[in-house]
Amino acid sequence: MSRTESAVDLAFGDDRLVTIVAQDASSGAVLMVAHASPEAVERTHETGLAHYHSRSRDELWQKGESSGHVQHVEEIRVDCDGDALLYRVSQEGGACHTGHESCFYRTLDGETVGERVFDPDAVYD
């Protein structure tokens with residue numbers, strides 16, 4: 001594992017990524033899980049806006065770049081092993097590309113339990 005410069009050692013995996021959990025800073029709801037490269041963590045820390053690494057596109061991206069549903073990062077917490085981060089955020093719009101407030105909008109049985117807050121067809125046209 002490699003590490004990046006910070007007051008706390010971060011342990012990036014062989015893929016140079018750490019797991020990120022984005023949590024609503026007010027309600028405590030988990031909004032999404034993603035991954036971040038050292039550059040994404042640095043950009044998040046510098047700008048106060050959540051940045052991630054897209055594994056499917058193999059590139060850095062800012063949350064809300066195309067939808068306008070940005071995440072303002074209020075605090076970044078590091079887990080005990082340094083291989084996962086918690087972004088405590090103020091979310092504009094929905095966090096999920098499906099239009100839901102959270103990516104965790106359904107149960108294992110398939111029941112929809114989360115609120116849809118935007119129409120993805122209108123946003124990602």
Side-chain angles (χ1 to χ4, degrees):
M1 288 191 213
S2 64
R3 299 199 177 261
T4 191
E5 295 293 321
S6 72
V8 175
D9 285 338
L10 298 181
F12 292 87
D14 293 340
D15 57 3
R16 299 279 297 140
L17 302 175
V18 293
T19 300
I20 308 291
V21 176
Q23 178 188 46
D24 185 287
S26 296
S27 71
V30 174
L31 300 175
M32 58 182 272
V33 174
H35 297 88
S37 62
E39 180 184 9
V41 173
E42 183 178 320
R43 295 277 291 277
T44 299
H45 194 147
E46 288 174 355
T47 66
L49 297 173
H51 287 75
Y52 299 100
H53 180 85
S54 170
R55 293 185 300 173
S56 61
R57 296 186 312 265
D58 192 27
E59 65 183 19
L60 176 76
W61 61 282
Q62 178 190 308
K63 177 68 176 158
E65 200 166 37
S66 59
S67 67
H69 299 164
V70 298
Q71 292 176 338
H72 300 275
V73 179
E74 297 183 11
E75 182 181 37
I76 300 174
R77 294 188 185 179
V78 183
D79 84 330
C80 58
D81 296 322
D83 62 358
L85 301 176
L86 175 68
Y87 286 0
R88 294 184 37 83
V89 305
S90 172
Q91 174 73 51
E92 289 186 25
C96 187
H97 71 281
T98 65
H100 289 85
E101 183 176 38
S102 167
C103 292
F104 297 94
Y105 64 89
R106 57 192 171 169
T107 68
L108 190 57
D109 295 328
E111 178 186 357
T112 298
V113 294
E115 181 182 352
R116 180 169 261 168
V117 294
F118 71 92
D119 178 3
D121 292 332
V123 171
Y124 302 111
D125 190 20

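When every heavy atom of Tyr52 is checked against every heavy atom of Lys63, the shortest pair comes out as CE1-CB, 3.8 Å. Closest approach of Ala40 to His51, counting heavy atoms only: O-CB, 3.5 Å. Taking each heavy atom of Ala50 and Tyr87 in turn, the nearest pair found is CB-CD2, 4.1 Å. Scanning all heavy atoms of the two residues, the minimum distance from Val41 to Val18 falls at CG2-CG2, 4.3 Å. Closest approach of Ala11 and Asp81 over heavy atoms only: CB-O, 3.9 Å.
Under the 4.5 Å side-chain contact rule for hydrophobic residues, Val78 and Ile20 share a cluster. In the hydrophobic clustering of ILVMFWY residues, with side-chain heavy atoms under 4.5 Å counting as a link, Val73 and Leu17 come out apart. Linking ILVMFWY side-chain heavy atoms closer than 4.5 Å, directly or via other members, places Val89 and Leu86 in two distinct hydrophobic clusters.
Within 6.0 Å of atom CZ in Arg106, 12 or fewer heavy atoms from other residues, nucleotides or ligands are found, so the atom counts as exposed in its surroundings. Atom CD of Glu101 is surrounded by 12 or fewer heavy atoms from other residues, nucleotides or ligands within 6.0 Å.
A donor-acceptor pair is defined here as one N or O able to donate and one able to accept, closer than 3.5 Å; no such pair exists between the side chain of Asp109 and the backbone of Glu111. Side-chain atoms of Ser102 come within 3.5 Å of backbone N or O of Val30 as a donor-acceptor pair.
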(request) Assess whether side-chain contact (heavy atoms from CB on, under 4.5 Å) is satisfied between Cys96 and Met32, documenting all intermediate values. (result) CA-CA 7 Å; Cys96 187; Met32 58 182 272; over 6 Å; no

(request) Quick one: do Arg88 and Ile76 satisfy side-chain contact (heavy atoms from CB on, under 4.5 Å)? Show the steps, please. (result) CA-CA 6 Å; Arg88 294 184 37 83; Ile76 300 174; over 6 Å; no

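Between His97 and Pro120 the shortest side-chain heavy-atom distance does not fall below 4.5 Å. Counting only heavy atoms from C-beta outward, the side chains of Thr98 and Arg116 approach each other to under 4.5 Å. In this structure, Phe104 and Val33 have side chains that are in contact, with non-hydrogen atoms separated by less than 4.5 Å.
Separating the OH atom in Tyr124 from the OG atom in Ser66 is a distance of 5.5 Å, to the nearest 0.5 Å. To the nearest 0.5 Å, atom NE2 of residue His35 and atom CG of residue Leu85 are 11.0 Å apart. With rounding to the nearest 0.5 Å, the separation of CG in Asp79 from OG1 in Thr19 is 9.0 Å. The NE2 atom of His53 lies 13.5 Å from the CZ atom of Arg43; values are rounded to the nearest 0.5 Å. If you take CD on Glu42 and OG on Ser37, they are separated by 9.5 Å, rounding to the nearest 0.5 Å.
Ring orientation note: the planes of His100 and Tyr105 are close to parallel, at an angle under 30° on the 30°/60° scale.
For Gln91 and His69, the side-chain atoms include no donor-acceptor pair closer than 3.5 Å.
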